Amino acid sequence: MGGIKDIVTARTGSGNYNIIIGKGVLLSGDLQDMLKNHDRVLIIASDTVYGFHRVNIDALVGLVPGGDLVLLDDSEEKKNYGHAEKYLNVMLDRNLSRKSALVAIGGGVTGDFGGFIAGLYMRGINVFHVPTTLLAMVDSSLGGKTAVNLSAGKNIAGVFHQPSMVVTDTEFLKTLPAHEFINGLAESFKHGLIGDSETRDIFFDNDLESIGNDETVKRLIYRSVVFKTSVVERDEKEGGLRAILNFGHTIGHAIESLMEYRGISHGSAVAFGMMVKLRISRELGWINTDEYQKIEDVFSRYDLCAARLSLNVDDILRHMKYDKKSSFGRINFVMVKGPGTPVYNQDIEVSLLEKAIEESLRRP
Ligand SMILES: NC(=O)c1ccc[n+]([C@@H]2O[C@H](COP(=O)([O-])OP(=O)(O)OC[C@H]3O[C@@H](n4cnc5c(N)ncnc54)[C@H](O)[C@@H]3O)[C@@H](O)[C@H]2O)c1
């Protein structure tokens with residue numbers, strides 16, 4: 001890696017695609033070259049992102065033959081099935097065919113939404129992702145998972161639909177609010193904890209200010225892209241190994257749903273979940289005290305788990321859908337047996353989990 005842009009190739013069952021990473025790559029020609037091969041191109045941009053980056057997004061629309069733009073309210077509440085149907089009708093109104101393409105410009109909400117409608121429209125048209133949050137750059141734009149929410153729950157309706165290209169222009173990060181940046185850091189550190197030592201080193205060697213430097217953040221994104229695509233290549237449809245990417249998420253999702261998605265970011269909730277798991281790993285002797293301390297320092301240095309939660313353990317367990325009567329006092333988790341050594345389908349005693357949650361809730 002290095003130079004103006006980095007290119008990572010992801011290999012999937014439905015073909016290979018490139019992830020282009022760098023400053024200014026939105027208009028560097030790679031995306032336009034790919035889009036030339038389509039009869040129409042609908043660009044769906046988050047309305048917030050369009051507000052900040054109108055000049056570049058309009059320039060892209062102008063450079064693409066058959067290019068058309070539609071804006072999206074990218075609030076999580078609008079990432080739903082009814083709204084998806086509305087946009088499928090927009091695609092039809094704008095005469096998109098099976099040879100057309102959709103470009104999704106925005107954070108994870110826009111990417112999940114755009115990927116979902118592209119995966120459904122006429123049984124699937126090409127989708128190009130332009131992630132604009134750190135979380136979308138290091139995580140959600142990669143791997144082909146798309147989804148919308150149903151009133152019954154988050155991400156219930158979804159399809160696997162791999163992108164044709166991901167264009168990660170770090171220039172977008174300049175307007176990203178600090179708490180959204182931290183949100184993405186949590187998912188990136190997760191990749192370090194479950195496998196990538198270079199990612200861990202970037203976190204150990206920097207602080208909240210220096211990690212945002214152009215070159216450092218680009219390296220961090222590159223490492224996450226390489227790591228996540230390597231996991232997805234080995235298990236595209238989550239038959240086994242891909243589950244490691246859910247490290248911290250069972251507890252994180254329980255907390256988000258318990259708090260009704262208010263007052264806590266996804267990244268903070270996942271960071272809390274990861275901390276609980278790491279405490280259990282320390283208790284079981286899988287991580288020694290020095291390693292644990294080094295990792296905990298990262299959580300506080302980058303404010304990964306900023307929220308102080310006034311929750312109780314039983315409520316969290318209930319939201320994890322843990323049932324004391326049917327689960328025989330054990331619970332199945334992704335764990336780490338050492339920094340960078342994940343295991344999935346690991347049975348853990350619930351008493352250990354309860355203790356680790358209690359300690360994490362009470363931490364200073
Ligand atoms: N498909 C997957 O594999 C996967 C993985 C993780 C998360 N997700 C999904 O991703 C979503 C969360 O994604 P997210 O954290 O990117 O949130 P998001 O898309 O809601 O973006 C966060 C906020 O930042 C704003 N924003 C985006 N880019 C900006 C920029 N460059 N400058 C200023 N503001 C900007 C957005 O308008 C929004 O208000 C959730 O719906 C989650 O379910 C999907």
Side-chain angles (χ1 to χ4, degrees), residues 10 12 23 26 44-57 71-80 83-84 104-119 127 129-150 153-163 166-188 190-191 212 217 221 224-225 228-229 231-232 235-238 242-249 252-253 256-257 261 264-271 273:
T12 78
K23 204 171 164 187
L26 178 70
I44 295 200
S46 138
D47 50 5
T48 307
V49 175
Y50 186 70
F52 286 115
H53 300 276
R54 182 182 193 139
V55 173
N56 284 350
I57 295 173
L71 298 185
L72 178 77
D73 172 350
D74 67 357
S75 50
E76 182 72 40
E77 304 81 69
K78 287 281 171 66
K79 195 185 106 175
N80 66 42
H83 210 217
I105 305 182
V109 166
T110 308
D112 273 13
F113 189 87
F116 180 71
I117 56 176
V127 65
H129 287 305
V130 179
T132 63
T133 61
L134 184 62
L135 181 134
M137 293 177 183
V138 300
D139 191 5
S140 65
S141 64
L142 311 160
K145 273 190 182 178
T146 78
V148 294
N149 308 325
L150 300 184
K154 213 175 150 203
N155 295 337
I156 303 283
V159 290
F160 282 99
H161 188 52
Q162 296 292 348
V166 178
V167 179
T168 297
D169 187 340
T170 52
E171 193 62 29
F172 283 108
L173 296 175
K174 296 276 179 306
T175 57
L176 191 69
H179 67 276
E180 293 296 349
F181 186 76
I182 291 174
N183 210 16
L185 287 180
E187 292 285 1
S188 176
K190 177 194 77 184
H191 293 149
V217 82
I221 295 165
S224 268
V225 168
K228 181 164 177 182
T229 53
V231 173
V232 174
D235 177 23
E236 196 174 331
K237 300 272 167 80
E238 201 164 322
R242 188 170 175 166
I244 63 171
L245 299 172
N246 298 332
F247 181 59
H249 281 62
H253 284 154
E256 283 182 285
S257 114
Y261 300 92
I264 187 154
S265 70
H266 176 71
S268 276
V270 169

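First listed ligand is number 1; within each ligand, the first listed atom is number 1. Here, residue 1 is the first one in the sequence, and each next residue gets the next number. Treat the numbers as computed from the prediction; the structure is a model and nothing was measured.
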Compare all side-chain heavy atoms of [X] with those of [Y] and state whether any distance is below 4.5 angstrom.
{"X": "Leu26", "Y": "Glu171", "value": "no"}
{"X": "Leu185", "Y": "Phe181", "value": "yes"}
{"X": "Asn149", "Y": "Asn155", "value": "yes"}

What atoms of ligand 1 come within less than 4.0 Å of a heavy atom belonging to [X]?
{"X": "Asn155", "value": "43 (O)"}
{"X": "Thr48", "value": "37 (O)"}
{"X": "Asn183", "value": "15 (O)"}
{"X": "Glu76", "value": "40 (C), 41 (O)"}
{"X": "Phe172", "value": "30 (C), 31 (N)"}
{"X": "Thr175", "value": "30 (C), 31 (N), 32 (N), 33 (C)"}
{"X": "Phe52", "value": "33 (C)"}
{"X": "Val49", "value": "27 (C), 28 (N), 29 (C)"}

Could you walk me through whether Glu256 and His249 pass the side chain to side chain donor-acceptor pair (under 3.5 Å) test, one step at a time?
-> CA-CA 10 Å; Glu256 283 182 285; His249 281 62; over 6 Å; no
Could you see which bit of Asp112 sits under 4.0 Å from ligand 1, with heavy atoms only: side chain, backbone, both or neither?
->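 The answer is the side chain of Asp112.
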What protein heavy atom lies closest to [atom]? Include the residue and the distance to one decimal.
{"atom": "atom 35 (C) of ligand 1", "result": "Leu176 CD1, 3.8 Å"}
{"atom": "atom 20 (O) of ligand 1", "result": "Val109 CG2, 3.4 Å"}
{"atom": "atom 14 (P) of ligand 1", "result": "Gly108 N, 3.5 Å"}
{"atom": "atom 21 (O) of ligand 1", "result": "Thr133 CG2, 3.6 Å"}
{"atom": "atom 39 (O) of ligand 1", "result": "Asp74 OD1, 4.4 Å"}
{"atom": "atom 5 (C) of ligand 1", "result": "Ser140 CB, 3.5 Å"}
{"atom": "atom 28 (N) of ligand 1", "result": "Thr132 OG1, 2.8 Å"}
{"atom": "atom 23 (C) of ligand 1", "result": "Glu180 OE2, 3.6 Å"}

How far does CG of Leu134 sit from CD1 of Ile221, to the nearest 0.5 angstrom?
->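 Here the interatomic distance stands at 5.5 Å.
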For Lys79 and ligand 1, answer yes if some heavy atom of the residue is under 4.0 Å from a ligand atom, otherwise no.
->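 Lys79 counts as a contact of ligand 1 under the 4.0 Å cut-off.
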Would you say Lys237 has more than 12 foreign heavy atoms packed within less than 6.0 Å of its NZ?
->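 Counting neighbours around NZ of Lys237, 12 or fewer heavy atoms of other residues, nucleotides or ligands fall under 6.0 Å, so no.
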Ring centroid separation for Phe113 and His83, is it under 6.0 angstrom?
->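 Distance test on ring centres: under 6.0 Å, yes.
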Using the benzene-type ring in the case of Trp, are the ring centres of His161 and Phe116 under 6.0 Å apart?
->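 Between Phe116 and His161, which both carry aromatic rings, the centre distance is not below 6.0 Å.
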Row check, Phe160 ring normal vs Lys145 NZ/CZ: under 6.0 Å, within 45° |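 No, a cation-pi geometry is absent between Lys145 and Phe160.
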So which of Thr110, Asp73, Thr133, Asp74 actually passes side chain to side chain donor-acceptor pair (under 3.5 Å) with Ser46?
->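 That would be Asp74; it is the only one of Thr110, Asp73, Thr133, Asp74 passing the side chain to side chain donor-acceptor pair (under 3.5 Å) with Ser46.
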Residue selection (non-hydrogen contact nearest atom 42 (C) of ligand 1) among His129, Lys154, Lys145 |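 Nearest heavy atom to atom 42 (C) of ligand 1 lies in Lys154.
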Run the salt-bridge test on Lys23 and Asp169 with the 4.0 Å N-O cut-off and return the result as yes or no.
->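 Answer for the salt bridge query: no.
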Derivation and outcome, side chain to side chain donor-acceptor pair (under 3.5 Å), residues His53 and Thr175 | CA-CA 9 Å; His53 300 276; Thr175 57; 2.8 Å; yes
